[in-house]
Amino acid sequence: MLRQDGTVCSEATTPGVQQQQLWSLGKRQSSGCVYSSTHGFNPEEIREKLQAFPGGSIDLLKQESGVAVLTINNPSRMNAFSGSMMVDLEERVSQLESWTDCKGLIVQGAAGTFCSGSDLNAVRAISNPQDGMKMCMFMQNALTRLLRLPLISVALVEGRALGGGAELTTACDFRLLASGSVIQFVHKHMGLVPGWGGAARLVRVVGSQNALKLLGGAVKVDPGLGLQIGLADGVLEVPQAEEGADTLLQQAENWLSQYTKGPAPVIQAVKKVVLSGRELPLSEALRTEKDVFGTVWGGPANLQALASKSKHK
Ligand SMILES: CCC(=O)SCCNC(=O)CCNC(=O)[C@H](O)C(C)(C)COP(=O)(O)OP(=O)(O)OC[C@H]1O[C@@H](n2cnc3c(N)ncnc32)[C@H](O)[C@@H]1OP(=O)(O)O
C-alpha cells in the first residue's frame, strides 16, 4: 500500500488481489437488478414465455483490446427484439459482468440499422397487462445491469433506433449518431410510454424538459438535434463504399479509445465512481468512492505514474 508520503507499507496489495477487490466491489455495486422475488418477479417464468417468440440473436464479440461489440441481429425485422433476443441480451450481459478485463462496449445493430424496438408480433401475442409488466421488469433488469457494467459503453446508432431501440441507446454511457440516423421514442404513437427504463434514463441524459418534448411529441432526433440536447455525444460520417474510409464501427472504436486507453482496473474504477455519483445518495456515493479509490491507490498504474514523475502539461 502506498502511503501519502510516497513510501510503501507492508500490506501492499498485489495487482491480482487489487483487481479482485475492485471486481467484487463492482459486483456488489452492480448486482444491479431492479426487480427480484420480493417484487413478485419470477425471471424463470418470463424467460420461458419470451422463448416462445424466437428469431434473431444478440451477438457478443469480446476483443483482446478489452472492448467488446454487442450486435442486435434481426435484420429481416429491422433488428426488432424478439422474445428470445431479450433472453439472449440478459445472457450477454451476464457474460460481460464476468469479464474481468473489460474496458469498453459498443452496442450496434446489424445490417445498417440500429433497432426498431420490440417485435410487434410478440407484443401482440402478450398484450395483456400482466405479461407486459413481466416483460417490462425483465428488460429493465437486463438494461439496468447493462448500464451498470464496469466499462464505458457507447451506442453506435446507424439508421433507426425506435421505441425500445431508443430506450436501449439510453442504457449506454454515450451515443454516437451516424449521419442520417434517427432516435425516436415512438411510444406515444403506439399508445404507450417507455417501459424498459428509457424514460427514467432519458430524463437523466437530457433533462426533464427535453425528455417531455421527446416523449410527448415522439420527436425524431437527428444528429443535429441530438448534439443540441445532449442525446448525441458525437456524429459519425457514413463512409461511401469507394472511399476506403474507416467503417462506422472503426470510427466508434477510435472515438471510444480516448476513454478506454489505459489499464482495465483504472477504467473500471472511473466508471464505478461516476455510476455511484449518479445513482447513490451523496454520503453513500462518497463512501463508495473511497472504497474504489482504495483499489487503485498504490496499484501498478499509480506506482508507475509516480515513478515516471509524469507531468500533465
Ligand atoms: C418497447 C416498445 C416498442 O418498442 S413498440 C415497437 C416500436 N417500433 C415500431 O413500431 C416500429 C414499426 N416499424 C416501422 O415503423 C417500420 O417498419 C420501420 C422500422 C420504420 C422500417 O420501415 P421500412 O424501411 O419501410 O421497412 P418495413 O416497414 O418494410 O420493415 C421491414 C420488415 O421489418 C418488419 N419490422 C419492422 N419493425 C418491426 C417491429 N418492431 N416488429 C416486427 N417487425 C418489424 C416489417 O414488418 C417488415 O417485415 P415484412 O418484410 O413486411 O415481413
Side-chain angles (χ1 to χ4, degrees), residues 34-35 41 46-47 49-58 70-90 93 107-147 155-172 175 177-203 205 211 214-223 225-226 231 238:
V34 181
Y35 304 104
F41 179 62
I46 183 67
R47 260 184 224 117
K49 273 214 164 108
L50 291 170
Q51 291 286 19
F53 302 98
S57 59
I58 305 290
L70 189 76
T71 304
I72 319 301
N73 192 355
N74 192 8
S76 65
R77 293 185 174 172
M78 308 299 280
N79 299 330
F81 261 90
S82 67
S84 62
M85 286 167 71
M86 295 181 193
V87 178
D88 254 19
L89 175 71
E90 185 198 40
V93 171
V107 180
Q108 65 169 7
T113 195
F114 189 74
C115 171
S116 63
S118 51
D119 184 329
L120 294 170
N121 304 301
V123 166
R124 274 179 212 110
I126 56 164
S127 61
N128 68 79
Q130 293 79 10
D131 283 346
M133 297 267 280
K134 286 174 191 162
M135 185 266 286
C136 160
M137 290 194 272
F138 184 86
M139 285 302 281
Q140 279 195 17
N141 272 356
L143 292 178
T144 304
R145 286 168 59 197
L146 177 67
L147 184 59
L156 165 54
V157 182
E158 184 183 11
R160 290 189 175 92
L162 303 182
E167 296 192 61
L168 171 60
T169 71
T170 64
C172 294
R175 282 145 296 280
L177 270 60
S179 47
S181 66
V182 167
I183 298 179
Q184 188 180 11
F185 292 83
V186 295
H187 305 74
K188 189 187 167 200
H189 290 332
M190 306 290 298
L192 291 172
V193 292
W196 296 358
R201 291 188 298 267
L202 184 66
V203 168
V205 176
L214 298 195
L215 297 184
V219 176
K220 285 186 178 160
V221 182
D222 62 16
L225 178 58
L231 189 59
V238 177

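All values below were derived from every heavy atom in this structure, side-chain atoms included, with hydrogens, water molecules and symmetry-related copies excluded. Note that the structure is a prediction, hence the values are computed from the model and not measured. All ligand and atom numbering here is 1-based and tracks the order in the structure.
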Under a 3.5 Å threshold, I'd like every N/O contact between ligand 1 and protein atoms, with atom names and distance.
from, atom 1, to, atom 2, distance (Å)
ligand 1, 4 (O), Ser118, N, 2.9
ligand 1, 4 (O), Ser118, OG, 3.4
ligand 1, 4 (O), Gly164, N, 2.8
ligand 1, 8 (N), Ser116, O, 2.8
ligand 1, 33 (O), Ser76, O, 3.2
ligand 1, 37 (N), Ser116, OG, 3.1
ligand 1, 40 (N), Ser116, O, 3.2
ligand 1, 40 (N), Ser116, OG, 3.3
ligand 1, 40 (N), Ser118, O, 3.1
ligand 1, 41 (N), Leu120, N, 2.9

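Side chain of Ser116 to backbone of Met78: a donor-acceptor contact under 3.5 angstrom is found. One N or O on the side chain of Thr113 and one on the backbone of Arg160 form a donor-acceptor pair closer than 3.5 Å. In this structure, Asp119 contributes its side chain and Ala80 its backbone to no donor-acceptor pair below 3.5 Å.
Using a 30° and 60° split on the angle between ring planes, Trp196 and Phe81 fall in the perpendicular class, above 60°.
The closest side-chain donor-acceptor pair between Ser181 and Glu158, if any, does not fall under 3.5 angstrom.
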**Q.** side chain to side chain contact (heavy atoms under 4.5 Å, CB included) between Ile46 and Met137, intermediate numbers included
**A.** CA-CA 9 Å; Ile46 183 67; Met137 290 194 272; over 6 Å; no

